[in-house]
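Only a predicted model underlies this, so the values are computations on that prediction, with no experimental measurement involved. Numbered from 1 within each chain, the chains take letters A, B, ... in sequence-line order.
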Protein chains: 2
Amino acid sequence: MPKRYSCPVELTVDVVGGRWRTVILARLKEGVHRYGELRRLTPGISEKMLTQRLRELEADGLVIRRDHGTVPPHVDYDLTDEGRTLIPVLQALYDWGVARAARTGEPL
Amino acid sequence: MPKRYSCPVELTVDVVGGRWRTVILARLKEGVHRYGELRRLTPGISEKMLTQRLRELEADGLVIRRDHGTVPPHVDYDLTDEGRTLIPVLQALYDWGVARAARTGEPL
DNA sequence: TTGGGCACGCACCATTATGTGCGTACTTGC
DNA sequence: GCAAGTACGCACATAATGGTGCGTGCCCAA
């Protein structure tokens, strides 16, 4: 049975919620990145988490994984068209984070 | 030691992330609500969760709790000015949810 | 020859988030 | 008199999330 949402916000949170998904998407909105680049750009994430979240984002159709089939491996990730529809959301989250940090004096 | 963020999005997610916080905030952006109203407007949430999240949002300065001190109890919740700065974020989440539902055929 | 980078998979464990069910002290409606 | 509503608190249990450490097969630099 399909899950019912009482509010569109719930649906969105279901897709981009969680500790890492939005952070990863925010990186990818700046452009294509390799696995190792994402890992370095996201301090604190474990390799397991990064792989796991990327797989989920792929399954949700927000991200494409491109394996160049070379050896040593070269894989990169990009937003799909569907993923790009999230850009306004990611931008809003980004902007609020900046403003909030300014108000509270938290470091960035 | 203060927590470090590698990206402003991380900070935002820390504040409004999780299963319920955004949903509650989205309700409050429509106006003041009593505890019982929020409970009815948010199917699936337990009373414990609702109370817990409201306390956190209060502690983060996004929501005010007003206890009218009457008996039987009458308490209502509203966004603070700080909370109102989140409205563009909440709107972006809402809009994307609507558009996503339309694309995937998910019910609302 | 030893070590590191690449992009993971897998097994196991810890922490956090969330849910469930019950109690409270009082009032109003039936 | 009895149930229901109000706005919770508390104890317990499960589910989701996250971390650790190891192994893979190949290549390149020191």
Side-chain angles (χ1 to χ4, degrees), chain A residues 1 3-7 9-25 27-28 32-60 63-78, chain B residues 3-7 9-28 32-60 63-78:
Chain A
M1 63 208 148
K3 180 168 181 189
R4 299 269 325 163
Y5 297 104
S6 65
C7 165
V9 171
E10 250 189 284
L11 195 161
T12 308
V13 169
D14 233 37
V15 177
V16 301
R19 173 92 181 73
W20 297 114
R21 273 185 274 258
T22 40
V23 180
I24 296 170
L25 290 167
R27 289 303 182 185
L28 290 179
V32 181
H33 283 300
R34 299 183 55 162
Y35 177 85
E37 288 172 344
L38 287 173
R39 175 161 38 85
R40 278 186 293 275
L41 288 166
T42 319
I45 199 171
S46 66
E47 304 205 335
K48 175 191 154 191
M49 276 300 110
L50 181 53
T51 305
Q52 211 170 92
R53 298 297 154 245
L54 284 169
R55 295 278 174 280
E56 291 169 4
L57 293 170
E58 218 194 330
D60 284 335
V63 159
I64 355 162
R65 178 187 128 99
R66 263 187 296 256
D67 188 338
H68 296 225
T70 58
V71 64
H74 182 141
V75 179
D76 49 32
Y77 293 90
D78 196 4
Chain B
K3 180 168 182 187
R4 300 269 325 163
Y5 298 103
S6 64
C7 165
V9 170
E10 249 189 285
L11 195 162
T12 307
V13 168
D14 234 36
V15 178
V16 301
R19 174 90 180 77
W20 297 114
R21 272 186 274 259
T22 41
V23 180
I24 295 171
L25 289 167
R27 291 303 183 183
L28 289 179
V32 182
H33 283 299
R34 300 185 55 165
Y35 176 85
E37 287 172 344
L38 287 173
R39 175 161 39 85
R40 278 186 292 274
L41 287 166
T42 319
I45 199 172
S46 66
E47 304 205 336
K48 175 190 154 191
M49 275 302 108
L50 183 53
T51 304
Q52 212 169 93
R53 297 298 152 244
L54 284 168
R55 294 277 175 279
E56 291 169 3
L57 293 170
E58 218 193 330
D60 284 335
V63 158
I64 355 162
R65 178 187 130 100
R66 264 187 295 257
D67 188 337
H68 296 226
T70 58
V71 63
H74 180 143
V75 179
D76 51 31
Y77 293 89
D78 196 4

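- Taking every side-chain heavy atom of V71(A) into account, dC27(D) is the closest of dC27(D), dT27(C), dG19(D).
- Taking side-chain N and O atoms only, R65(B) has a distance below 4.0 Å to OP1 or OP2 of dC8(D).
- Here R21(B) contributes atom CZ and Q52(B) contributes atom CD; the two are 9.5 Å apart, rounded to the nearest 0.5 Å.
- Put simply, CD on E37(B) is 13 Å from P on dC8(D), counting in whole angstrom units.
- Remark: E56(B) engages R53(B) in a salt bridge, criterion side-chain N to carboxylate O under 4.0 Å.
- For K48(A), the listed nucleotide lying nearest its side chain is dA11(C); candidates were dA7(C), dA11(C), dA7(D).
- Each of P73(A) and E56(A) was matched to the nucleotide of DNA chain D holding its nearest heavy atom; the match closer to the 5' end belongs to E56(A).
- Of the two residues contacting DNA chain D, namely P72(A) and S46(A), the nearest-nucleotide position lying further toward the 5' end is that of S46(A).
- Rounded to whole angstrom, the span from the CG atom of D76(B) across to the P atom of dC8(D) amounts to 10 Å.
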Evaluate the criterion side-chain contact (heavy atoms from CB on, under 4.5 Å) for residue pair D14(B) and Y5(B); output intermediate values, then yes/no. CA-CA 10 Å; D14(B) 234 36; Y5(B) 298 103; 2.8 Å; yes

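- Residues L41(A) and V23(A) are not in side-chain contact: their nearest non-hydrogen atoms beyond the backbone lie 4.5 Å or more apart.
- One can place CD of Q52(B) at 13 Å from P of dT16(C), the figure rounded to the nearest angstrom.
- In this structure, the side chain of R27(A) does not engage the main chain of T42(A) through any donor-acceptor pair within 3.5 Å.
- A sub-4.0 Å separation between OP1 or OP2 of dG9(D) and a side-chain N or O of Y35(B) is absent.
- Checked by atom type and distance alone, the side chain of Y35(B) never pairs as donor or acceptor with a backbone atom of T51(B) at under 3.5 Å.
- In this structure, R21(B) atom CZ and dT16(C) atom P are separated by 14 Å, rounded to whole Å.
- Atom CG of L54(B) and atom P of dT18(C) are 14 Å apart (whole Å).
- Taking side-chain N and O atoms only, R53(A) has a distance below 4.0 Å to OP1 or OP2 of dG18(D).
- Within 4.0 Å of G44(A), counting heavy atoms only, lie sugar-phosphate atoms of the nucleic acid but no base atom.
- In this structure, H33(A) places its NE2 atom 15 Å from P of dC6(C), rounding to the nearest Å.
- Side chain of M49(B), nearest nucleotide from dG19(C), dC12(C), dA7(D): dG19(C).
- Neither OP1 nor OP2 of dA16(D) sits under 4.0 Å from any side-chain N or O of W20(A).
- Residue R39(A) has no polar side-chain atom (N or O) positioned under 4.0 Å from OP1 or OP2 of dG5(C).
- In this entry the distance linking CZ of R19(A) with P of dA17(C) reads 11 Å, nearest Å.
- Rounded to 10 degrees, the angle between the two end axes of the helix from dT1(C)-dA30(D) to dC30(C)-dG1(D) is 0°, with five pairs used at each end.
- The CG atom of D67(A) sits 14 Å away from the C1' atom of dC26(D) (whole-angstrom rounding).
- The closest side-chain heavy-atom distance from R19(B) to E10(A) is below 4.5 Å.
- Residue E47(A) has its side chain nearest to dC8(C) when only dT20(D), dC8(C), dG9(D) are considered.
- You'll find that the side chain of H74(B) is closest to dA7(D), out of dC8(D), dA7(D), dA7(C).
- For R34(B) and dG5(D), the shortest distance from a side-chain N or O to OP1 or OP2 is not below 4.0 Å.
- With values rounded to the nearest 0.5 angstrom, Y77(A) atom OH is found 5.0 Å from L54(A) atom CG.
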